[in-house]
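Have a look at the structure below, then the notes.
Both backbone and side-chain heavy atoms feed into the values below; hydrogens, waters and symmetry mates do not. Quick note on labels: first sequence line is chain A, next is B, and so on, each numbered from 1.
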Amino acid sequence: MRLSRFFLPVLKETPSEAQIVSHRLMLRAGLIRQEAAGIYAWLPLGFRVLKKIEQIVREEMNRAGAIELLMPTLQLADLWRESGRYDAYGPEMLRILDRHERELLYGPTNEEMITEIFRSSVRSYKDLPKNLYHIQWKFRDEQRPRFGVMRGREFLMKDAYSFDVDEAGARHSYNQMFVAYLRTFGRMGLKAIPMRAETGPIGGDLSHEFIVLAETGESGVFCDRRVLDLPIPGEDVDYDGDLSPVIEQWTNLYAATEDVHEPARYERETRPEDRLQTRGIEVGQVFYFGDKYSKPMKALITGPDGVERPAQMGSYGVGVSRLLGAIIEASHDDKGIVWPDAVAPFGVGIVNLRPGDGAVDAACAQAYAALSKAGLDPLLDDTDERVGAKFAVMDLIGLPWQLIIGPKGLADGVVELKRRSSGDKQSLPLAEALKVLGA
RNA sequence: CGGGGCGUAGCGCAGCCUGGUAGCGCAUCUGCUUUGGGAGCAGAGGGUCGCAGGUUCGAAUCCUGCCGCCCCGACCA
């Protein structure tokens, strides 16, 4: 993409409404634009990151055996009356009347709908287990939206729902998602720690929150710092095999949010030098909740013994849009965002320091073609801005690499390659720079 | 939902107390100069001062109501 053709409305000054660093940077770098309290338009740069994150989530869900579908944003109130949640949910749920005065709601979650879909066609234990997920916009009418996309009212969420014939099966499904989450967040360059969690209004008896450690996070956390060094399962992890050793490894070390923190146990189970008290951002949560929905909604499975029982269910959420904020909170400096390679909106920014200079233009074109061909998705700054402005914008939007090409360097036969995360710069011939980048 | 604050040009703000021709910086446009880390000079365009009502000869400014947004707390994927 050429910057001169792209839509990148960056802001030099910080809008006054933004309080935390990720919100400020998302506005300044032209990722989002606020349309109403807690409701954002995704501008092209932010949209690219959102899609990258979404795709990583999708790939890891598929790898773990979950099946993607897509449910609507609007749901009938009657469906929620079956589970009793229509009245229980409160003003956070956005309720809507259509022209026939039928009661609808903009879904804050989809347990009822997936249970209804499931029960309409599945009757036998032979059809289980099943894990169905979708990535869809949700709405929760937060009393007080804040922190940009970290606590918006409208948000993009991946939610998966598992159906098993018995508790042992359901726990295996839970473990599959647990492992898939370790991989998902790891691929995004995040240290997301599974922590014991309260089950909240969704209910159930087994739950973990996945927390990204960030000093600007919204909740306090206590953990054994050795949890930061635990290995993330590889691509070859056998999701059909016994995953409990992985789960045990990750849950044996103390890790809890302040809501469920037990000081006495913390003191007992951790060495003083390993105690880490910091803050974090919740980016995912896994629940096992048994027959909470399948029983009242009569999602019944006939077992091998011929007896009908409610399906054993779990649900597994990832805050896709929130992840942008979380990643930025965890990865930025005073100049701007520092995108991890896997989610960067472009792989490399090519900075043409002198558009109109034949040699510089030609070198940029050569780099652009080679990097494009290698799938590195370059962004070429071919604008007439001054170099200072170009560098400032490039640092602000946080592309992992900057390939800086100007007349002075070219006269010496070199270009400059800069790694955004470290700030390291090296001067080298273009061909070698391209080789470093993998083109 | 309790408490506080703010709505004036695309963004950041002053003006309001004490009513009288709507301003500043950045951004935008034009010209000239400049050009390896957010340039300089000169000129230009851009506003129903959140909305509605009231007081007044006259309202951005005073009064009333409404709407929107932000912050602290409670709450929360």
ask   = With both distances kept under 3.5 Å, what pairs with U55(B), Watson-Crick or G-U wobble?
value = none
inquiry  = Say we look at C49(B) and A59(B): how far apart would their P atoms be, to the nearest angstrom?
reply    = 11 Å
Spacing of the P atoms in G47(B) and C11(B) (rounded, Å) = 14 Å
message = Strictly below 4.0 Å: does Arg146(A) bring a side-chain N or O up to OP1 or OP2 of C72(B)?
response = yes
ask   = On RNA chain B, nearest-nucleotide positions of Leu156(A) versus Glu385(A): which is more 5'?
value = Glu385(A)
Nearest-nucleotide pick for Val387(A), side chain only, options being G36(B), U34(B), C70(B) = G36(B)
request  = Please find out if less than 6.0 Å separates the ring center of His134(A) from that of Tyr161(A).
outcome  = no
task = Test the Arg196(A)-Tyr254(A) pair against the cation-pi criterion, namely NZ or CZ under 6.0 angstrom from the six-membered ring centroid and within 45° of the ring axis.
result = yes
key: Nucleotide nearest Ala389(A) (side chain, heavy atoms from C-beta), chosen from G36(B), G38(B), A77(B)   = G38(B)
ask   = Does Arg419(A) make a cation-pi contact with Trp401(A) (under 6.0 Å, within 45 degrees of the axis)?
value = yes
message = Using atom C1' in both nucleotides, what's the gap between C13(B) and G7(B) to the nearest angstrom?
response = 13 Å
task = Write down the partner of A60(B) under the Watson-Crick or G-U wobble criteria, each distance required to be under 3.5 Å.
result = none
message = So if I take every side-chain heavy atom of Arg28(A) and compare against G36(B), C69(B), G38(B), which nucleotide ends up nearest?
response = G38(B)
task = Using the P atom as the reference point in each nucleotide, state the distance between G4(B) and A60(B) in Å, no decimals.
result = 29 Å
ask   = Arg144(A) has a side chain; which of C72(B), C70(B), G36(B) sits nearest to it?
value = C72(B)
inquiry  = Apply salt bridge (Lys or Arg N to Asp or Glu O under 4.0 Å) to residues Lys292(A) and Glu111(A) and explain how you reach the verdict.
reply    = CA-CA 10 Å; Lys292(A) 181 178 168 74; Glu111(A) 280 83 3; over 6 Å; no
task = Tell me which nucleotide among G36(B), A39(B), C26(B) gets nearest to the side chain of Leu353(A).
result = G36(B)
query = CZ of Arg265(A): more than 12 outside heavy atoms within 6.0 angstrom?
reply = yes
ask   = When the P atoms of A44(B) and C26(B) are considered, how many whole Å apart are they?
value = 16 Å
ask   = Does OP1 or OP2 of C76(B) have a side-chain N or O of Arg151(A) closer than 4.0 Å?
value = no
request  = State whether Lys12(A) places a side-chain N or O below 4.0 Å from either non-bridging phosphate oxygen (OP1 or OP2) of G38(B).
outcome  = no
inquiry  = Tell me which nucleotide, if any, is Watson-Crick or G-U wobble paired with G46(B) when both distances must be under 3.5 Å.
reply    = none
query = Does A9(B) pair with anything, Watson-Crick or G-U wobble, both distances under 3.5 Å, and if so, with which nucleotide?
reply = none
task = Please measure how far the C1' atom in U64(B) lies from the corresponding atom in C70(B), and state the result in whole Å.
result = 24 Å
message = Would you say CZ of Arg2(A) has more than 12 non-hydrogen atoms from neighbouring residues, nucleotides or ligands within 6.0 angstrom?
response = no
query = When the nearest nucleotide of RNA chain B is assigned to Gly284(A) and to Val393(A) on a heavy-atom basis, which residue is associated with the more 5' position?
reply = Val393(A)
message = Roughly how many Å apart are G50(B) and C16(B), using the P atom of each and rounding to a whole number?
response = 15 Å
ask   = Which one is paired to G73(B), where only Watson-Crick or G-U wobble pairs with both distances under 3.5 angstrom count?
value = C1(B)
ask   = Across all strands shown, which nucleotide pairs with C41(B) by Watson-Crick or G-U wobble geometry, both distances under 3.5 Å?
value = G31(B)
ask   = Which value, in whole Å, describes the distance between the P atoms of nucleotides G10(B) and G5(B)?
value = 27 Å
request  = Side chain of Phe155(A) only, please: which of C69(B), A77(B), G12(B) is the nearest?
outcome  = A77(B)
message = Quick check for you: among C11(B), U34(B), G37(B), whose closest atom lies nearest to any side-chain atom of Glu13(A)?
response = C11(B)
request  = Take atom NZ of Lys52(A) as the centre, draw a 6.0 Å sphere, and report whether it contains more than 12 heavy atoms from other residues, nucleotides or ligands.
outcome  = yes
key: Gln143(A) side chain near G73(B) phosphate (N/O to OP1/OP2, under 4.0 Å)   = no
